[in-house]
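Both counts, for ligands and for their atoms, begin at 1 and track the order of listing. Starting from 1, each residue takes its place in the sequence as its number.
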Amino acid sequence: MKLVKYLANLGYGSRREVTALLDARRVRRADGRALREGDAVTHEEIRVDGEALDPPPGSVIMLHKPAGYTTSTTDAGAVIYDLLPLRFRRRDPLLAPVGRLDRDTTGLLLLTDDGALNHRLASPRTHLPKTYEVVLAEALRGDEGALFASGTLVLHGEDAPLVPATLEVLGETRARLVLTEGRYHQVKRMFGAVGNRVTALHRSAIGGVTLGDLAPGAWRVLDAADRAALTASAPPAP
Ligand code: URA
């Protein structure tokens, strides 16, 4: 792909703006030589104003989503893209979230511009386990684990039962829930179905990937080991 289009697709500006960056010699190789429009160069070699480029196409990033941010590009209030470099919102294809977290839910959110990977990670057929830490308004009754694991629970307004989920009781009003699907407001609706209410929800892991010590509001690129861990527990793509 031509350099101008490549940088424009990464959100560095319109083609006209990127051409102006090149003309102003602000786009250089790592060794300092200014790049010109027709030059063939790898992603890793390019510097814009002395800075390495943003993650290359095909990357997956993790964001530690704080409460109060909507999983959307446009919303009246704060959105997850407010936590990322402005260029990320301008990328083509977009670094899109893999599924959604509710505005008041915190924790691990993945974003990728690889549409096929996004689809695969988000698909219930991939059975990718997602781990949620749940705080409840009422004490657990004791029968929730068996019901969630049964594969018979049908949520209000739906026909298909939920696939079995694993509940680990952590305290009277605290639990860890592992789901392999991601229906609308699923965790909150599951606890609603047993007469309870979720007061705090945090996603701590997707597949074998956890937030580690990533601070709320911070993000980082998944490396090869993370990518392997992500899907290690999921069956291979069909
Ligand atoms: N289930 C919910 O109810 N909300 C989320 O944000 C994620 C899973």
- Task: For atom 4 (N) of ligand 1, grab the closest protein heavy atom and report residue, atom and distance to one decimal in Å.
- Result: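 Looking at atom 4 (N) of ligand 1, the protein heavy atom closest to it is D102 OD2, 2.7 Å.
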- Just need the protein heavy atom nearest to atom 1 (N) of ligand 1, so name the residue and atom and give the distance.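 Here the nearest protein heavy atom works out to V187 N, 3.1 Å.
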Which of the numbered atoms in ligand 1 are below 4.0 angstrom from a heavy atom of [X]?
X: K188; answer: 3 (O)
X: T105; answer: 4 (N), 5 (C), 6 (O)
X: L101; answer: 6 (O)
X: H185; answer: 1 (N), 2 (C), 3 (O)
X: Q186; answer: 1 (N), 2 (C), 3 (O)

- Given that the side chain starts at C-beta and the backbone is N, CA, C, O, which of these parts of L179 lies under 4.0 Å from ligand 1, counting heavy atoms, or is it both or neither? neither
Is there side-chain contact between [X] and [Y], with at least one heavy-atom pair below 4.5 Å?
X: V79; Y: R89; value: yes
X: E158; Y: R183; value: yes
X: L83; Y: L63; value: yes

- Query: Can a salt bridge be assigned to the pair D104 and K188 using a cut-off of 4.0 Å between side-chain N and carboxylate O?
  - Reply: yes
- Task: Search all heavy atoms of A165 against all heavy atoms of L179 and return the closest pair with its distance.
- Result: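 Taking A165 first and L179 second, the nearest heavy atoms are CB-CD2, 3.6 Å.
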- Query: Does ligand 1 have any atom that is closer than 4.0 Å to a heavy atom of Y132?
  - Reply: yes
- Does R189 count as lying over the ring of Y184, i.e. NZ or CZ under 6.0 Å from the six-ring centre, within 45 degrees of the axis? no
- Query: More than 12 non-hydrogen atoms from neighbouring residues, nucleotides or ligands closer than 6.0 Å to CZ on R220, yes or no?
  - Reply: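 Yes, enclosed.
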